[in-house]
Visitor: 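Handing you a structure now.
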Amino acid sequence: MKAFGPVPSRRLGQSLGINNIPPKVCTYSCVYCQIGKTQHLNCERRAFFHPDDLAREVTEKVNELRKRQTKIDYLSFVPDGEPTLDINLGEHIERLKPLNIKIAVITNGSLITIEDVRADLQKADLVSLKLDAINRKAWLKTDRPHKSLDMNSILQGMLEFRANFSGELITETMLLKGKNDSVEEIRRIAKFLTSLRPEKSYIAIPTRPPAVKGVTPASDHVLNQAYQIFKETLPHVEYLIGAGGSEFGFSGNVEEDLLSITSVHPMREDAVKQYLEKAGADWRVITNLIKVGSLVELEYQGEKFYLKKLPGKF
Ligand code: SF4
C-alpha cells in the first residue's frame, strides 16, 4: 500500500501518508527507530515504485476520501525508511501537485548534500529535517549512519537547502539518555538550528519500543532544560512525544487540558496559576496530578515548570 490514512498529526493536521520506499531501507539505523531495525543500510538513490503507479494509487485514495468529504491537509512522504533514497521523489511530487493538496516530506536529511536531493525537496511545501546531534560521536551513537556519510557535509547541505527553500521548514530532534542529551550537545544543536531558521523545532523522545533494547528517552529534567535552551534563540519550540492533544486544546476538563498543554511544552508556575484561575479551579488539581504520577514539577534557573510525565523506559 503506497498511500495510508489519513492520520491525525500535530505537525501536519490530517495527513495522508505516502510510502515511497519499501520497509526499512534507510541511510541511518537509529537506535531509537520505532519501525524496527534497518535491514538495508544504503546511501544510493534508486527507483522503487513507478511514478505512474504511485500517482494513480494516491489519486484514487484522494478521490475516495473527497467523495466521503474527508479533509486532507497534507500528502506526506513518510515511509518506513528514508524518502530521499527514492530517485523519483521529485517526479512523484510534481505528479501529485494537480491534486491541490500541500505536500510534505519527512526526511533524516542525510542525503541533502546531493544537489538533486535538494532540488527534489525544494518542490515540497513542507520539509521536516532530523537533527539529533552535532558532535560526531553523539551522531554515530544515536543515528548509526552509513559509513559513507559525513556529519559536517550534512550540516552544510542543510544550510544550503535552507537558503533557497521558500516552503515551511521544521526540524525534529530526538533526545536519548546518555547518547545526545548533554547540555553541551543540546546547546550545539540549538546554535545550529538558530542558523538554519526553521519555522518550528520539535523536541522528541521515543514513545514506542525502539530498535535497540535498553535505549531510554532523555529525562524529564533534560527535556525541560532542552526546551528552555532552544527557546532562548528559536522562535517556535514544541515537544513531539506522541501524547496527542492539541496545543491549548480546551475540552472543559481542566486536568485533561493541562496534560494536553504540558505534553507540548512545559508550563511555568505563573502560567499554570493563571490557567487554573480562568478555569475556576485551584492548585489541588496540580497536587493531585503530581500525586498520581501524571505531571512532574521541575526547576530551571530558579523557576518552577510543570511537564506531563513522559515514558521513562520500555
Ligand atoms: S532515519 Fe528514520 S527510518 Fe531511518 S533508522 Fe532513523 S528513525 Fe528509522
Side-chain angles (χ1 to χ4, degrees), residues 1-2 4-5 7 9 11-12 15 17-46 48-49 76-87 89 104-114 117 120-121 124 126-151 153-155 157-158 161 169-177 179-181 185 189 198 201-218 239-242 311 314:
M1 198 60 177
K2 295 171 204 73
F4 59 95
V7 284
S9 147
R11 283 178 295 180
L12 305 169
S15 152
I18 300 172
N19 234 329
N20 64 324
I21 300 271
K24 283 321 307 257
V25 182
C26 196
T27 53
Y28 282 175
S29 182
C30 303
V31 289
Y32 60 78
C33 186
Q34 294 169 74
I35 47 175
K37 206 166 165 259
T38 295
Q39 281 141 20
H40 308 279
L41 188 63
N42 208 311
C43 273
E44 240 166 83
R45 300 192 87 198
R46 63 184 178 93
F48 295 96
F49 300 111
S76 313
F77 285 84
V78 53
D80 295 343
E82 172 45 39
T84 60
L85 276 169
D86 183 356
I87 205 155
L89 178 63
V105 183
I106 313 295
T107 167
N108 65 23
S110 58
L111 300 182
I112 208 156
T113 48
I114 304 169
V117 169
D120 285 354
L121 291 175
L126 180 147
V127 170
S128 172
L129 293 177
K130 178 195 293 297
L131 189 77
D132 294 333
I134 300 288
N135 174 277
R136 191 165 176 275
K137 267 195 193 155
W139 178 57
L140 294 178
K141 273 202 277 184
T142 310
D143 295 345
R144 300 193 302 179
H146 186 273
K147 60 179 181 328
S148 66
L149 294 170
D150 173 63
M151 183 77 227
S153 311
I154 293 172
L155 297 177
M158 286 183 179
F161 170 71
L169 182 72
I170 62 177
T171 59
E172 196 179 318
T173 300
M174 183 74 85
L175 290 178
L176 303 177
K177 195 175 198 163
K179 306 255 183 235
N180 62 345
D181 68 339
E185 187 59 9
I189 296 171
S201 315
Y202 289 97
I203 297 171
I205 53 161
T207 51
R208 279 176 284 152
V212 173
K213 250 188 159 179
V215 165
T216 315
Y239 291 133
L240 199 61
I241 55 169
F314 301 95

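In listed order, ligands and their atoms are each counted from 1. Because the structure is predicted, anything quoted here is derived from the model rather than measured. Heavy atoms only: backbone and side chains are in, while hydrogens, waters and symmetry mates are out.
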Visitor: Any idea which heavy atoms bring Ile154 and Tyr28 closest together, and the distance?
Guide: CD1-OH, 3.9 Å

Visitor: Please answer whether the main-chain N or O of Ser110 pairs with a side-chain N or O of Asn108 as donor and acceptor at a distance below 3.5 Å.
Guide: yes

Visitor: Which protein heavy atom lies closest to atom 8 (Fe) of ligand 1, and at what distance to 0.1 Å?
Guide: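 So the nearest neighbour among protein heavy atoms is Cys33 SG, 2.4 Å.
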
Visitor: To the nearest 0.1 Å, how far is atom 4 (Fe) of ligand 1 from its closest protein heavy atom, and which atom is that?
Guide: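 That would be Cys26 SG, 2.3 Å.
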
Visitor: Could you check if a side-chain atom of Tyr32 sits within less than 4.5 angstrom of a side-chain atom of Asp143, using non-hydrogen atoms only?
Guide: yes

Visitor: Should Met174 be listed as contacting ligand 1, given a heavy-atom distance under 4.0 Å as the test?
Guide: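 No, Met174 has no heavy atoms under 4.0 Å from ligand 1.
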
Visitor: Can you confirm whether the side chains of Asp132 and Asn180 place a donor and an acceptor under 3.5 Å from each other?
Guide: no

Visitor: N/O/S of Cys30 less than 2.8 Å from atom 6 (Fe) of ligand 1?
Guide: yes

Visitor: Mind checking whether Glu82 contacts ligand 1 via backbone (N, CA, C, O), side chain (CB onward), both or neither, at a 4.0 Å heavy-atom cut-off?
Guide: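 Contact part for Glu82 vs ligand 1: neither.
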
Visitor: List ligand 1 atoms under 4.0 Å from Thr38, heavy atoms only on the residue side.
Guide: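 Every atom of ligand 1 under 4.0 Å from some heavy atom of Thr38: 5 (S).
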
Visitor: Pull out every atom of ligand 1 sitting under 4.0 Å from any heavy atom of Lys24, numbered as shown with elements.
Guide: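 Listed by number with element: 5 (S), 8 (Fe).
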
Visitor: Provide the number and element of each atom of ligand 1 under 4.0 Å from a heavy atom of Asn108.
Guide: 1 (S)

Visitor: Can you tell me if Thr113 and Ser153 form a side-chain donor-acceptor pair at under 3.5 Å?
Guide: no

